[in-house]
*Asks:* 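My structure is below; once you've seen it, I'll send some questions.
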Amino acid sequence: MAMDSELLVRKIRDGTVIDHIPAGNALNVIRILGLPRGRENRMALIMYTSSSKMGLKDIVKVEGLELTADEVNMIALIAPTATINIVRDYKVVRKERVKIPEIIENIIRCANPNCISNQDRETAIPKFRLVSEDPIILRCEYCERHTYKEDILRQFMEGR
Ligand code: CTP
Ligand code: ZN
């Protein structure tokens with residue numbers, strides 16, 4: 001699994017490796033994370049590399065980066081197979097498979113402009129329930145409007 005990618009890019013010393021990203025989605029992942037961030041976060045993007053589990057996959061390696069819980073959840077929404085590996089002194093010290101939460105709060109907006117969560121953000125924090133993982137479908141807790149992968153991607157790409 002890691003063999004192929006290591007031919008392309010060597011191991012990192014300290015940071016985060018986002019592995020098992022569905023092939024072709026690494027660019028979406030780096031946009032969500034606001035990468036590249038500059039010289040503090042040396043990084044590598046590996047796309048369409050072979051994986052025994054997935055056929056093809058993408059990998060993003062970033063030195064000196066730690067992800068917030070919201071960032072991990074955003075990755076889960078567009079790359080549900082991803083694993084987050086925390087690397088310290090060349091060793092993987094933590095490996096976590098992302099998981100789409102049953103309730104998704106605050107990280108995306110409802111697609112319905114008339115939804116209360118778009119009118120009065122103070123009292124109605126955007127809140128969705130996970131209806132389906134594959135394909136991903138979320139349902140707004142206020143207006144019941146469905147949100148799909150394309151809506152999520154569009155939002156993540158806006159203003160970044
Ligand atoms: N990695 C890295 N730098 C390190 C350690 C690991 O870039 N110092 C990368 C590996 O190349 C791999 C990922 O982090 O892409 C996970 O590493 P590891 O757990 O060692 O690999 P596998 O056992 O192949 O992972 P999995 O079982 O999750 O497929
Ligand atoms: Zn709504």
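Quick note: residue numbers are just sequence positions, from 1. Read the numbers this way: they start at 1 and go in the same order the structure lists the ligands and their atoms. This structure is a prediction, so every number in the text was calculated from the model and none was measured.
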*Asks:* Decide whether an N or O pair under 3.5 Å exists between V87 and ligand 1.
*Replies:*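 No - when backbone and side-chain N and O of V87 are compared with those of ligand 1, no distance drops under 3.5 Å.
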
*Asks:* Decide if atom CD of E66 counts as having more than 12 heavy atoms of other residues, nucleotides or ligands within a radius under 6.0 Å.
*Replies:*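 Atom CD in E66 is not packed in, count stays at 12 or less.
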
*Asks:* How wide is the angle at the Zn ion (ligand 2) between SG of C110 and SG of C140, to the nearest 10°?
*Replies:*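 So the angle at the metal works out to 110°.
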
*Asks:* Hey, quick one: are F128 and V72 part of the same hydrophobic cluster, counting side-chain heavy atoms closer than 4.5 Å, chains of contacts allowed?
*Replies:*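 Same cluster.
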
*Asks:* I want to know if ligand 1 touches R10 in the polar sense, i.e. an N/O pair below 3.5 angstrom.
*Replies:*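 It does not: no N or O of R10 is found under 3.5 Å from an N or O of ligand 1.
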
*Asks:* Can you list the ligand 1 atoms lying under 4.0 Å from a non-hydrogen atom of K53?
*Replies:*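 So the atoms of ligand 1 that pass are 26 (P), 27 (O), 29 (O).
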
*Asks:* Return the CD to CD1 distance between E71 and I107, rounded to the nearest 0.5 Å.
*Replies:*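 One gets 10.5 Å once the value is rounded to the nearest 0.5 Å.
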
*Asks:* Evaluate Y90 for polar contact with ligand 1, using N/O atom pairs at a separation under 3.5 Å.
*Replies:*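 Among all N and O atoms of Y90, at least one is under 3.5 Å from an N or O of ligand 1.
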
*Asks:* Does a side-chain N-to-carboxylate-O contact under 4.0 Å join K57 and D19?
*Replies:*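 Looking at D19 together with K57, the answer is yes, because their closest N to O distance falls below 4.0 Å.
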
*Asks:* Are N25 and N28 close enough that a side-chain donor and a side-chain acceptor fall under 3.5 Å?
*Replies:*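 Yes - a donor-acceptor pair under 3.5 Å links their side chains.
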
*Asks:* Verify side chain to side chain contact (heavy atoms under 4.5 Å, CB included) between R109 and D151, making sure each step is shown before the conclusion.
*Replies:* CA-CA 9 Å; R109 288 187 314 276; D151 303 310; over 6 Å; no

*Asks:* Would you call E63-R42 a salt bridge at under 4.0 Å N-O?
*Replies:*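 Looking at R42 together with E63, the answer is yes, because their closest N to O distance falls below 4.0 Å.
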
*Asks:* Based purely on interatomic distance, does H20 place a nitrogen or oxygen under 3.5 Å from a nitrogen or oxygen of ligand 1?
*Replies:*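 Yes.
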
*Asks:* Rounded to the nearest 10°, what angle sits at the Zn ion (ligand 2) between SG of C115 and SG of C143?
*Replies:*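 Approximately 110° at the metal, rounded to tens of degrees.
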
*Asks:* Using a 4.0 Å heavy-atom threshold (strictly under), name the region of D19 that reaches ligand 1: side chain, backbone, both or neither.
*Replies:*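 D19 to ligand 1: side-chain contact only, backbone stays beyond 4.0 Å.
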
*Asks:* Out of all atoms in ligand 1, which are within 4.0 Å of some heavy atom of V17? Include the element for each.
*Replies:*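 Those atoms are 1 (N), 2 (C), 7 (O), 9 (C), 13 (C), 14 (O).
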
*Asks:* Would you indicate which of K95, K61, R88 comes nearest to atom 18 (P) of ligand 1 when only heavy atoms are counted?
*Replies:*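 Ranked by closest heavy atom to atom 18 (P) of ligand 1, first place is K95.
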
